[in-house]
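Side-chain atoms are counted along with the backbone in the values below, which use heavy atoms only and exclude waters and symmetry mates. To find a chain, count down the sequence lines: A is the first, B the second, and so on, and within it residues start at 1.
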There are 2 protein chains.
Amino acid sequence: MTNQIRTRPDKVKARQLEQNRNLFGRLSAAALASRVQAQRMLKSAGELSITEWRVLWDLAEAGPLTVTEMAAIQHTDHALISRAIPMMVRKGYATTSVSQTDRRQSLIELTDQGRDVFNQTSVVMSARRAALSRTFSEDDVDTFIKLIDRFEAFVEAPLPENPTAEAAP
Amino acid sequence: MTNQIRTRPDKVKARQLEQNRNLFGRLSAAALASRVQAQRMLKSAGELSITEWRVLWDLAEAGPLTVTEMAAIQHTDHALISRAIPMMVRKGYATTSVSQTDRRQSLIELTDQGRDVFNQTSVVMSARRAALSRTFSEDDVDTFIKLIDRFEAFVEAPLPENPTAEAAP
DNA sequence: AAAAATTATGTGACTTGTCACGTAAATATT
DNA sequence: AATATTTACGTGACAAGTCACATAATTTTT
């Protein structure tokens, strides 16, 4: 009895230690924590959602863009962007217009007010990136990005490549 | 006019390239892709949600656990686990009992059926981890984990450490 | 011992993200 | 030219995750 009471917390700690080297879990936790940090910073700087910030940033840097283009830039689903646009238009941050060359596309463009909000929010968000690059040297980033490249290739492969071991007789 | 038509796609590509070195975005995309892969594998192996799988795994490895303990192991919110339990009990994978030593806690325990499902699902999921460790050497994992450690520390800090530059007169 | 602070759990409300489907427009095939 | 495919976008439905709050039980202060 006493034995069980004393060993259970140890089991928890052991399990935690074990999971500390689980890349899937660690990467997920880190990304989620990063998202929370971004959400908090955006909240403190104004009233932008994460998607709204990403859209503003893309539009500010790369002129008028379509929904699909932004989805491609952000490696995300077009639904996310599609749903963010109406509110941004209502807030007066962006305008939409049907593309002349392809009437399926809608071109999203920053308004002056949208640019103001971007500039303002950018203070906080680029400070964040600056702080990160004080923590990670160019070489660190390089190493990190390469590892992420490989990890991404792995998780985007249809199925983990099977070892031929089991196929062998 | 023709000019604009020709340069816009370049701008998109340029923006994509630029964002390729944005750790926040890259890490998030990698983690999300990993989640999708896990979801697909779980779907192909049975009918477990991601949270259900994590709970099964923790319970199988570290005996009966409380909600808070599993949340700590998984670096996640207790709400996620709290909500998953009733369905797992209904499916017959786990049982809950009020802890004798602390009547606020509920001890979650695997049933025999739960262990069967774990063993079955484990085939696919540990194959995934095995495939990953074929892609990443121990040293790679080591480097990766250390970078994630630093990144996590950064995003969990209350605010990005300010450079003293601005504070200096 | 009584009061105050902390902790474990459950739950509502919300954000982020994915998938699948329908519609309309553009492109490719015949 | 007519038909078939593909593509862009919007939208419903759902999964995953976070936060804030309520309640009950435990621990700490007084």
Side-chain angles (χ1 to χ4, degrees), chain A residues 9 12 24-25 27-43 47-55 64-72 74-89 96-108 155-156, chain B residues 9 12 24-25 27-43 47-55 64-72 74-89 96-108 155-156:
Chain A
V12 174
F24 301 112
L27 214 68
S28 165
L32 290 171
S34 165
R35 185 173 80 173
V36 167
Q37 188 189 50
Q39 279 173 323
R40 285 191 184 146
M41 297 183 80
L42 286 171
K43 194 162 196 176
E47 280 304 319
L48 293 178
S49 74
I50 286 199
T51 309
E52 284 173 341
W53 161 246
R54 288 184 191 143
V55 167
L65 291 166
T66 69
V67 171
T68 304
E69 286 169 339
M70 285 189 274
Q74 297 173 25
H75 285 278
T76 191
D77 198 283
H78 73 275
L80 215 49
I81 292 157
S82 185
R83 259 186 267 264
I85 304 298
M87 176 61 86
M88 294 184 68
V89 171
T96 64
S97 59
V98 174
S99 163
Q100 297 301 323
T101 53
D102 184 338
R103 296 218 309 285
R104 290 169 305 179
Q105 299 181 329
S106 94
L107 275 178
I108 326 291
V155 294
E156 273 168 0
Chain B
V12 174
F24 300 113
L27 213 69
S28 166
L32 290 171
S34 164
R35 186 175 77 173
V36 167
Q37 188 188 50
Q39 279 174 323
R40 285 190 184 147
M41 298 184 80
L42 286 171
K43 195 162 194 176
E47 281 303 319
L48 292 178
S49 74
I50 287 197
T51 309
E52 285 173 340
W53 161 247
R54 287 185 192 140
V55 167
L65 291 167
T66 70
V67 170
T68 303
E69 284 168 341
M70 286 188 273
Q74 298 173 24
H75 284 279
T76 191
D77 198 284
H78 73 274
L80 216 47
I81 291 158
S82 185
R83 259 186 269 264
I85 303 297
M87 175 61 85
M88 295 184 68
V89 170
T96 63
S97 60
V98 174
S99 162
Q100 296 303 323
T101 53
D102 184 339
R103 294 219 312 284
R104 291 169 305 177
Q105 299 181 329
S106 91
L107 274 178
I108 328 290
V155 294
E156 272 168 1

Point to revise | Whichever of R83(A) and A29(A) has its nearest DNA chain D nucleotide further upstream toward 5' | key: R83(A)

Exercise for review: Assign each of D102(B) and I85(A) to its nearest nucleotide of DNA chain D by heavy atoms, then name whichever residue's nucleotide is nearer the 5' end.
Suggested key: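 Between the two, 5'-proximity favours I85(A).
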
Euclidean distance, atom [atom1] of residue [X] to atom [atom2] of [N] [Å, nearest integer]:
X	N	atom1	atom2	result
H78(A)	dA24(C)	NE2	C1'	14 Å
Q74(B)	dA16(D)	CD	P	12 Å
K43(B)	dT18(C)	NZ	P	15 Å
R103(A)	dA25(C)	CZ	C1'	7 Å
L107(A)	dA25(C)	CG	P	16 Å
E156(A)	dT18(C)	CD	P	11 Å
Q100(A)	dA26(C)	CD	P	11 Å

Revision key, fill the gap. The helix from dA1(C)-dT30(D) to dT30(C)-dA1(D): angle between terminal helix axes, five bp per end, to the nearest 10 degrees, reads 30°

Can you tell me if [X] touches the phosphate of [N], counting only side-chain N or O atoms and a distance under 4.0 Å to OP1 or OP2?
X	N	result
Q39(B)	dA16(D)	yes
T66(A)	dA8(D)	no
T76(B)	dT18(D)	yes
R40(B)	dC19(C)	yes

Review point. Hey, does L80(A) reach any base, or is it just sugar-phosphate, or nothing, if we go heavy atoms under 4.0 Å?
Key: base

Exercise for review: Using a 4.0 Å heavy-atom cut-off across all strands, classify S49(A) as base, sugar-phosphate, or nothing.
Suggested key: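 Counting heavy atoms under 4.0 Å across all strands, the contact made by S49(A) is with sugar-phosphate only.
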
Check your understanding: Rounded to the nearest 0.5 Å, how far does CG of L32(A) lie from CZ of R35(B)?
Key -> 7.5 Å

Point to revise | Gap separating the CD atom of E52(A) from the CG atom of L42(A), nearest 0.5 angstrom | key: 9.5 Å

Check your understanding: Between the side-chain atoms of R104(B) and the base atoms of dT7(C), is any donor-acceptor pair under 3.5 Å?
Key -> yes

Review point. In terms of side-chain heavy atoms, does T101(A) have a donor or acceptor partner in S99(A) at a distance below 3.5 Å?
Key: yes

